[in-house]
Amino acid sequence: MRRQFAAIAALSLFALVLAGCASTPAASDDSDSPAASGAFPVTVDTKFGEVTVDEEPQRIVALGWGDAETVLALGKQPVGASDWLGFGGSGVGPWAEDLYDEAPEIIATLEPSYEAIAALKPDLILDVKSSGDAERYERLSSIATTIGVPEDGDSYLTGSEEQVAMISEALGMADKGDELLAGVADTFAAAAEAHPEFADKTVTVAAYSSEGWGAYIDGVERVQFMEKLGFVQSPTVEGLTPDGFSVPISSEQLDLLESDLLVVFPIWVETSEVTSQPLFNAIPAVAEGRSVILDDELISSAYSLGSVLSQKYAIDNVVPLLADAVQ
């Protein structure tokens, strides 16, 4: 059951968890991007060894969590993509949906149709933020050159920096990738500077679903988001044994979630299913107003997706909530 919690979180923190042009880094037009064609061949290091992309990809299928938005941010358009958060339409958030000239073929997430992928005749498949399953990788790479997870990227633990670096390198656009990452880093730095009260405050980022409670471990983007704002991971959570990218927490041990700030994602449950729990309300951070429940679907999706296109939206909308709770 606890592994099911990790699987649910990996999939769809998702369907309910996590626009504004001003908060979205502009995707570049191909004519403005340092390209691609002169950069090839390129070699990308992955868990499955070095993968060489011989020529500039023309037909890209982006399957990993946030991989499609990363491609769009670089000015390219996938012909196939997975919609991990159930956005519908072209499978991306409102901060990215206008970047498609033509909607991609939507491919299932955990159990993709390999036949549908092959029918798209891709010359590059991206599965950079994914499970890291070897059988999945082998089947994809039998269709086309595939960039899988990095060495430490199993269980959707590919960080946003690694994701952008690997995809931009595969597309022959490493400099553009660096530029995008620098823009996001500057936005985090500005938010942290504007809120010195965040510095060194402990934080627990937790989720509640029908499977129960879990707290995210350090290294997961939902925690890294907070660390980039100046917070530090809860030492209590850090000392617990993880299962995938979260630590299972029993309802009788919710005091383990206590920290200077508690951030909670309801997953596939109503907020009232969280707030009606007596032991949740007994956590000092909750009782004293030092908690935030991210139950706005769009905000939590932007936070959870962690793409270069969604992170600025999340910063703009999450930081004020955090500031109110910390104060």
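Both backbone and side-chain heavy atoms feed into the values below; hydrogens, waters and symmetry mates do not.
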I60 side chain near L126 side chain, heavy-atom distance below 4.5 Å: yes
Exam field: side chain S246 to backbone P242, donor-acceptor pair closer than 3.5 Å: no
Between F188 and F225, ring centroids under 6.0 Å: yes
Any side-chain heavy-atom pair of L72 and Q77 under 4.5 Å: yes
Under 3.5 Å side-chain donor-acceptor pair for K176 and S168: no
I267 side, atom CD1; E273 side, atom CD - distance, nearest 0.5 Å: 12.5 Å
Ion pair E258/R290, N-O distance below 4.0 Å: yes
CA sep, side-chain torsions, deciding dist, call: V264, F280, side chain to side chain contact (heavy atoms under 4.5 Å, CB included): CA-CA 11 Å; V264 177; F280 172 75; 4.0 Å; yes
E162 CD to L157 CG distance, which is reported to the nearest 0.5 Å: 9.5 Å
Test item: T202 side-chain N/O and D260 main-chain N/O as donor-acceptor pair under 3.5 Å: yes
Flag side-chain contact, heavy atom, 4.5 Å: L171 against P57: yes
Close side-chain approach of L294 to V292, heavy-atom, < 4.5 Å: yes
Check: D152 and K47 side chains under 4.5 Å, non-hydrogen atoms: no
Smallest separation among heavy atoms of L279 and S251, with atom names: CD1-O, 3.1 Å
Over 12 foreign heavy atoms within 6.0 Å of CD, E270: no
Step-by-step side chain to side chain contact (heavy atoms under 4.5 Å, CB included) determination, W65 to L85: CA-CA 9 Å; W65 181 276; L85 286 154; 4.1 Å; yes
For E227, all residues meeting side-chain contact (heavy atoms from CB on, under 4.5 Å), sequence neighbours excluded: D218, V223, Q224, Q233
Heavy-atom donor-acceptor pair, D243 side chain to V247 backbone, under 3.5 Å: no
Nearest atoms (heavy-atom pairs only) where I315 meets A191: CG2-CB, 4.0 Å
Minimum-distance pair of heavy atoms, taken over all atoms of L261 and A325: CD1-CB, 3.7 Å
Pair Y303 + F265: ring centers closer than 6.0 Å: yes
Reported CZ-to-CD1 distance for the pair R222 and I217, which is rounded to 0.5 angstrom: 11.0 Å
Shortest non-hydrogen contact from H195 toward A323: CE1-CB, 3.6 Å
Short side-chain to backbone donor-acceptor contact, Q311 and G306, under 3.5 Å: yes
S82 and T109: CA distance, side-chain angles, deciding distance, side chain to side chain donor-acceptor pair (under 3.5 Å) verdict: CA-CA 6 Å; S82 294; T109 54; over 6 Å; no
Close side-chain approach of Y100 to P78, heavy-atom, < 4.5 Å: yes
N317 side chain to I299 backbone, donor-acceptor under 3.5 Å: no
4.5 Å side-chain heavy-atom contact, P150 and Q163: no
Trace of the side chain to side chain contact (heavy atoms under 4.5 Å, CB included) decision for S250 with W213: CA-CA 6 Å; S250 71; W213 284 93; over 6 Å; no
E102, CD: over 12 other non-hydrogen atoms inside 6.0 angstrom: no
Closest heavy-atom pair and its distance - S90, A103: CB-CB, 4.2 Å
From S310 atom OG to L305 atom CG, the distance as rounded to the nearest 0.5 Å: 4.5 Å
Remaining members of the apolar cluster that contains I107, side-chain heavy atoms under 4.5 Å: V61, L63, V79, Y114, I117, L120, I125, L140, I143
Short side-chain to backbone donor-acceptor contact, T146 and G148, under 3.5 Å: no
Heavy-atom check, side chain of D83 versus side chain of V92, under 4.5 Å: no
Point-to-point distance, once rounded to the nearest 0.5 Å, from OG1 of T70 to CG of L180: 9.0 Å
Expected output: side-chain D295 to main-chain T271 donor-acceptor under 3.5 Å: no
CD/E197: more than 12 non-hydrogen atoms of other groups inside 6.0 Å: yes
Pair Y156 + W84: ring centers closer than 6.0 Å: yes
Any donor-acceptor N or O pair under 3.5 Å, side chains S160, E221: yes
Minimal non-hydrogen separation, L124 against A170, with atom names: CD2-CB, 4.3 Å
Stepwise salt bridge (charged side-chain N to carboxylate O under 4.0 Å, His left out) test for D67 and K129: CA-CA 7 Å; D67 285 356; K129 189 168 186 177; over 6 Å; no
Chi angles and distances behind the salt bridge (charged side-chain N to carboxylate O under 4.0 Å, His left out) call for E56, K76: CA-CA 11 Å; E56 180 179 357; K76 301 293 185 179; 2.9 Å; yes
Joint hydrophobic cluster, Y216 plus V232, side-chain heavy atoms closer than 4.5 Å: no
In one Ile/Leu/Val/Met/Phe/Trp/Tyr side-chain cluster, 4.5 Å: L110, I106: no
D127 side chain to S130 backbone, donor-acceptor under 3.5 Å: no
Sidechain-backbone polar pair: R59 side chain, G80 backbone, donor-acceptor under 3.5 Å: no
Option passing side chain to side chain contact (heavy atoms under 4.5 Å, CB included) with F231 (candidates T204, V205, V326): V326
Worked check of side chain to side chain contact (heavy atoms under 4.5 Å, CB included) between D154 and V149: CA-CA 7 Å; D154 285 347; V149 302; 3.8 Å; yes
D324, CG: over 12 other non-hydrogen atoms inside 6.0 angstrom: yes
Derivation of the salt bridge (charged side-chain N to carboxylate O under 4.0 Å, His left out) call for R139 and E111: CA-CA 12 Å; R139 294 195 67 178; E111 298 181 359; over 6 Å; no
T52 side chain to D54 backbone, donor-acceptor under 3.5 Å: no
Reported CD-to-OG1 distance for the pair E50 and T43, which is rounded to 0.5 angstrom: 6.0 Å
